[in-house]
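Naming convention: chains lettered A, B, ... in sequence-line order (proteins, then strands); numbering from 1 in each chain.
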Protein chains: 2
Amino acid sequence: MSDNKTFVIFIIGVSGVGKSTIGNLLSKEFSIPYFDGDDFHSKENVKKMSEGQSLNDKDRQGWLLILNQLAKDQIKTNSCIIACSALKESYRDLLSKGLKTNVKWVLLEGSYDQILERLKIRKGHYMPESLLKSQFETLENPVNALKIDISSTPFEIVETIKNEIFKKSEFGLIGLGVMGKSLSRNLASKGIQLSLFNRHVKGKEENIAINFKNEFSELSEVLPFDDMEAFVNSLQRPRKIMLMVNAGKTVDVVIDNLLLYLSENDVIIDGGNSHFDDTNRRINFLKSKNINFVGAGVSGGEEGALKGPSIMPGGDRNAYKLVQPYLETIAAKDKNNLPCCTYIGKSGSGHFIKMVHNGIEYAEMQLLAEVYFVFRSLGKNPDQIANLLQDWKATTDSFLLEITINILRKKDNEGWLIDQILDKAGNKGTGNWTTVTTAQLGVPSTMIASALFARYLSAFKEERVKMSKLYFDGSSISKINNDDLLKAYQLARLINHHQGFKLLHEASKSYQWDLNLSEIARIWTNGCIIRSTLMEDLTEIFKKTNNLLFDQKIIHQIKNLKESISKIVSQCVLGGIAIPCFSEAINFLNAYINQSSPANLIQAQRDYFGAHTYQKNNDSSDKYYHTNW
Amino acid sequence: MSDNKTFVIFIIGVSGVGKSTIGNLLSKEFSIPYFDGDDFHSKENVKKMSEGQSLNDKDRQGWLLILNQLAKDQIKTNSCIIACSALKESYRDLLSKGLKTNVKWVLLEGSYDQILERLKIRKGHYMPESLLKSQFETLENPVNALKIDISSTPFEIVETIKNEIFKKSEFGLIGLGVMGKSLSRNLASKGIQLSLFNRHVKGKEENIAINFKNEFSELSEVLPFDDMEAFVNSLQRPRKIMLMVNAGKTVDVVIDNLLLYLSENDVIIDGGNSHFDDTNRRINFLKSKNINFVGAGVSGGEEGALKGPSIMPGGDRNAYKLVQPYLETIAAKDKNNLPCCTYIGKSGSGHFIKMVHNGIEYAEMQLLAEVYFVFRSLGKNPDQIANLLQDWKATTDSFLLEITINILRKKDNEGWLIDQILDKAGNKGTGNWTTVTTAQLGVPSTMIASALFARYLSAFKEERVKMSKLYFDGSSISKINNDDLLKAYQLARLINHHQGFKLLHEASKSYQWDLNLSEIARIWTNGCIIRSTLMEDLTEIFKKTNNLLFDQKIIHQIKNLKESISKIVSQCVLGGIAIPCFSEAINFLNAYINQSSPANLIQAQRDYFGAHTYQKNNDSSDKYYHTNW
């Protein structure tokens with residue numbers, strides 16, 4: 001147990017199981033106060049019980065909140081022990097409310113006969129034996145508790161608690177790359193007792209965990225490992241283990257390795273950029289082994305991971321509950337100080353929305369790249385562009401705009417750094433996955449696809465150089481109105497966010513995930529790469545509609561912005577400046593707001609050469625027609 | 001054997017195996033002439049052989065071509081029988097050159113001792129026994145031959161040949177949907193003896209094959225089945241069976257069913273639009289069962305299938321060879337009268353290029369739809385548009401342009417048919433697959449993706465109607481120069497074809513398929529949906545380069561066309577007309593011909609938030625840099 005972190009240990013179980021005895025012994029052992037929950041019952045409750053009546057849930061609620069407040073007050077200065085039957089999950093939820101990771105549960109277990117015997121020899125207790133049976137029936141298995149058989153002596157029980165809770169870590173993390181290291185420091189700085197594992201690869205990855213521990217003062221209490229079995233055994237059960245390893249095959253290898261040592265109800269969290277199909281598969285596979293698996297998207301990059309990322313956990317809701325306090329503790333906080341972490345939905349939905357987050361990010365980055373390109377074509381230098389963009393922040397702020405300004409201002413002794421960077425964009429796959437997924441789901445996320453393809457085309461640098469010699473006669477735009485460009489940027493961002501959230505909404509319908517778009521926007525308002533003032537607005541808008549383009553305020557904005565983006569795209573096309581993502585934005589809008597499309601010709605062509613049939617305008621009966629053309 | 005089709009039956013095998021005996025008996029049985037190949041040897045060859053020397057391949061070549069000519073002359077009027085050892089595959093290739101499906105092979109087989117015995121008791125033959133051993137060593141197994149053991153009596157052997165060749169079909173086809181029926185009529189009209197199978201589904205698909213046979217006179221010789229075992233047993237071995245069933249699970253079900261009855265070396269051709277990954281899988285699976293599998297893309301729609309489609313077969317080259325005469329016979333012919341069918345490459349390459357064919361088709365259709373939409377926005381009616389497009393044919397002809405004109409002119413008593421068709425485009429998946437594949441391969445096929453997404457967006461008709469009420473204030477373009485629109489269309493088609501063939505080229509590198517782009521363009525010049533005068537040009541261009549934009553003639557064209565597409569896109573964007581595919585064309589060109597892209601900013605952003613590193617302009621060492629921004 002960390003020196004500077006305080007805990008409340010709830011000793012729970014049915015009446016007569018020995019909670020007071022163990023609580024008192026623990027109190028002496030660790031010199032921390034012990035409270036008997038029963039001492040905090042109202043007079044009404046005591047009376048009811050001594051008359052042989054069970055308390056109902058309403059009777060209990062006030063009492064449990066008193067104990068919860070007691071715990072909160074105590075842990076400000078001290079750890080403490082509280083004994084309380086806490087038989088139901090809902091009671092434990094009340095007891096631990098707001099206590100985050102500062103709660104430990106110890107369940108004392110015995111057979112009905114064993115406890116009945118104890119009750120019979122007990123004096124002065126107001127609990128009639130008649131209530132014991134009802135207590136056994138009421139007890140809901142607390143998966144998150146340390147469970148101890150009362151056949152052992154009290155001293156043995158205290159020893160067990162000491163070993164299992166006070167000498168073991170609460171949380172484990174595997175994989176000390178850039179993100180894993182930052183998350184570990186984040187966890188440790190919140191007082192969470194950590195075990196860290198990094199594999200041993202001779203000559204390449206040696207003593208990674210121990211060296212990392214020694215590097216940062218906040219890691220002084222961390223237990224470092226390169227032996228998987230020892231790592232797993234260093235964790236309190238049910239174990240909570242976060243994987244921060246490369247997506248793909250590595251995740252499966254690590255899981256297979258972990259399975260040798262894990263026990264029932266342990267939880268694995270995959271915090272990497274795994275494909276949601278893989279996450280679906282892993283959840284099902286691990287369910288068959290009684291292991292919980294949470295697929296959690298984590299966005300924020302190195303700094304976000306350290307200071308508070310946006311976390312998007314998906315999977316079984318009960319599995320999430322076991323790790324919720326940890327994830328919420330390390331997540332960024334929104335403007336209302338709520339964690340930028342929320343349960344997304346079942347199966348691979350967490351990784352799905354992280355994928356779409358990255359897709360939106362691709363288009364946001366491409367739009368800024370196109371803005372930059374237009375300004376460069378006008379002859380402006382990086383500092384001048386940074387100054388112009390600085391002014392945009394007043395109306396259109398975002399993390400990506402912010403870092404773009406910083407990037408443009410960065411100089412070394414060879415001049416602006418941006419001018420030294422090779423214009424071949426890389427990608428790690430999530431933009432590709434989003435494009436593939438949107439194609440497969442039948443949703444037109446044209447801007448994400450366009451941003452992906454712009455990166456691909458940039459990568460054909462050698463061909464571009466060759467082509468430029470054969471074709472290029474200079475691109476030229478003499479004037480662009482800065483305000484038009486800002487408005488074009490604003491409109492394109494609205495379309496990009498519409499398309500991204502539309503993809504989430506359609507996926508939610510296809511996969512029956514019941515995604516809450518407003519909550520998703522909310523956890524993207526801080527910590528993550530696409531955080532922005534627009535995202536704050538979307539949190540409100542998606543409370544009322546699933547299609548942001550149906551919102552009155554947005555309609556008004558778009559009507560004001562449309563002429564500017566049309567002008568910008570037109571000028572760039574005429575001037576030979578490639579602005580594929582801006583072009584997609586206005587073309588999508590023009591097609592979307594027109595009730596007529598030329599798809600009737602496509603239907604006619606398909607019927608002409610392939611007898612694919614078509615529907616008619618004036619026939620809403622879903623009847624299909626074929627013409628002998 | 002069809003009444004009006006003539007055959008040459010080559011009786012082959014080593015000397016002394018009894019070719020003359022069987023040839024003569026067959027000749028009498030069927031009243032067709034018999035020729036002993038040895039009678040056609042030059043004096044030089046005869047002399048060499050009687051001196052105990054083996055003939056070399058050069059000695060044989062002239063002789064084999066004489067026999068080939070003999071066969072060609074004969075089958076103009078008559079079937080015939082020719083005996084000839086034909087031990088090597090290359091000899092058989094010469095013998096059967098140009099004979100297409102009019103060749104039957106019968107291999108007489110016996111053991112060395114058996115034949116040596118026969119040679120010893122034979123008189124007046126110039127073949128010394130010493131050559132027999134070398135003949136056995138030379139014999140290459142003719143997988144396409146009927147093999148008969150000479151232990152039977154000559155009369156039994158003749159009976160076997162009669163049953164196996166004269167009473168069985170050459171080619172089988174499964175699945176009598178629109179395409180299957182058209183291909184069957186095509187096959188039958190070429191005199192190919194066919195067995196047809198369609199499943200029996202009570203109340204839904206009953207007596208399909210027999211009813212179909214009775215419907216068309218060219219099918220009078222066809223053997224119809226709805227029993228799979230009888231169907232398979234009606235085919236000459238090695239069996240050649242073409243599947244024209246729905247792509248997907250059905251193909252696997254039919255294969256599993258067929259496997260109960262097939263024998264070694266039989267060939268299955270999948271003529272449906274299967275995904276190339278499935279074809280890869282099936283080829284490997286069937287190889288383990290010694291069954292050949294050819295994945296053949298077939299394009300042409302209903303009419304093409306009937307009159308001659310473009311066929312794109314991929315898989316094992318030897319497997320293809322077994323079915324080559326049939327596929328080439330039914331394929332369309334190019335302007336030089338060569339079949340629009342060529343071996344594409346190994347594994348699923350045939351279905352891959354069919355997929356890309358359809359991707360190109362999507363963009364070609366979308367471009368015509370956008371042209372139509374622009375003309376409609378200018379207030380032109382369908383007949384006026386058809387007249388304008390009619391003029392485009394002189395320079396820019398294609399099948400799709402042709403049918404578009406016909407469609408626009410089609411009227412019924414409610415007016416133009418095009419105006420009655422609902423503007424929600426359907427899709428059968430190949431455009432989706434192409435977009436997915438291009439994203440996965442890292443190739444920017446932006447126009448195909450754009451065409452796909454335009455169809456998707458059209459399908460959100462109800463939302464478009466709603467949006468139009470909220471946003472639409474009329475699109476307006478007052479004037480468009482018809483010649484500019486034609487030029488824009490020409491340029492966009494060049495970019496579309498560039499992107500499609502580029503995808504093939506990059507896939508060929510990734511999968512080591514060694515695709516011949518010129519040959520692919522050639523087989524797309526007729527029969528298929530994207531046939532056009534441009535495709536004729538590409539056949540020549542791809543003989544010299546793998547990138548059509550590097551061709552001098554194309555460079556000249558594009559420079560002439562670029563201003564027009566820029567004007568058209570600019571005018572449409574300003575006028576509120578969605579032209580996503582045209583926009584992609586010009587944006588792609590503008591990006592591709594510029595040696596600079598703004599991807600340096602994207603690289604900087606990625607390094608800023610994710611430490612993804614970047615390369616530098618002035619460092620060609622592949623070194624990666626990271627900045628502490």
Option that, when pairs with chain B are counted at under 4.5 Å, heavy atom only, ranks first among [options]:
options	result
A:K410, A:E302, A:K562, A:E563	A:K410
A:P580, A:G301, A:G610	A:P580
A:S596, A:G300, A:S458, A:A449	A:S596
A:F588, A:W433, A:F453, A:F460	A:F453
A:L408, A:I565, A:V569, A:L417	A:L417
A:G431, A:C572, A:A604	A:A604

Heavy-atom contact with chain B under 4.5 Å, split by part of [X]:
X	result
A:N547	side chain
A:Y625	neither
A:S445	backbone
A:F609	both
A:I555	both
A:E361	side chain
A:Y608	side chain

With a 4.5 Å heavy-atom cut-off, do [X] and [Y] have their side chains touching?
X	Y	answer
B:R464	A:Y592	yes
A:L422	B:K616	no
B:I577	B:S377	yes

Against chain A, label [X] side chain, backbone, both or neither, depending on which of its atoms sit under 4.5 Å from a heavy atom there.
X	value
B:K461	side chain
B:Y362	neither
B:I568	neither
B:F399	side chain
B:D419	backbone
B:L368	both
B:I586	side chain
B:E364	neither
B:Y471	both
B:L470	both
B:E462	neither
B:L452	side chain
B:Q366	both

Judged by modelled atom types alone, do [X] and [Y] share a side-chain donor-acceptor pair under 3.5 Å?
X	Y	result
B:Q420	B:D412	yes
A:S583	B:N587	yes
A:W629	A:D607	yes
A:K424	B:N600	no

- [ ] Just give me the residue among B:E584, B:K559, B:M365 that pairs up with chain A most often, heavy atom to heavy atom, under 4.5 Å.
- [x] B:M365

Open item on the list: Under a 4.0 Å threshold between the charged nitrogen and the carboxylate oxygen, would B:E506 count as salt-bridged to B:K502?
Closed with: yes

Open item on the list: Looking at every heavy atom in both A:G442 and A:P444, which two are closest together, and how far apart are they?
Closed with: O-CD, 4.0 Å

Open item on the list: Before you tell me yes or no, could you show the steps for A:E370 and A:R376 under salt bridge (Lys or Arg N to Asp or Glu O under 4.0 Å), namely the whole-Å CA-CA distance, both residues' side-chain angles and the distance that decides it to 0.1 Å?
Closed with: CA-CA 10 Å; A:E370 293 179 13; A:R376 285 316 286 261; over 6 Å; no

TODO: Start with the C-alpha gap between A:T446 and A:Q499, add the side-chain angles, then the distance that decides, and say whether side-chain hydrogen bond (donor to acceptor under 3.5 Å, both in side chains) holds.
DONE: CA-CA 8 Å; A:T446 57; A:Q499 291 186 343; 2.8 Å; yes

Task: By side chain to side chain donor-acceptor pair (under 3.5 Å) - contacts of A:T404 (at least two apart) - done: B:Q605

Open item on the list: Are there over 12 heavy-atom neighbours, none belonging to B:N628, within less than 6.0 Å of that residue's CG?
Closed with: no

Open item on the list: Is the terminal nitrogen or CZ of B:R606 (NZ for Lys, CZ for Arg) located under 6.0 angstrom from the six-membered ring centre of B:Y614 and within 45° of that ring's axis?
Closed with: no

Task: A:Y624 ring center within less than 6.0 Å of A:H612 ring center - done: no

Open item on the list: Tell me whether A:R455 contacts the main-chain N or O of A:N427 through its side chain, where contact means a donor paired with an acceptor under 3.5 Å.
Closed with: no

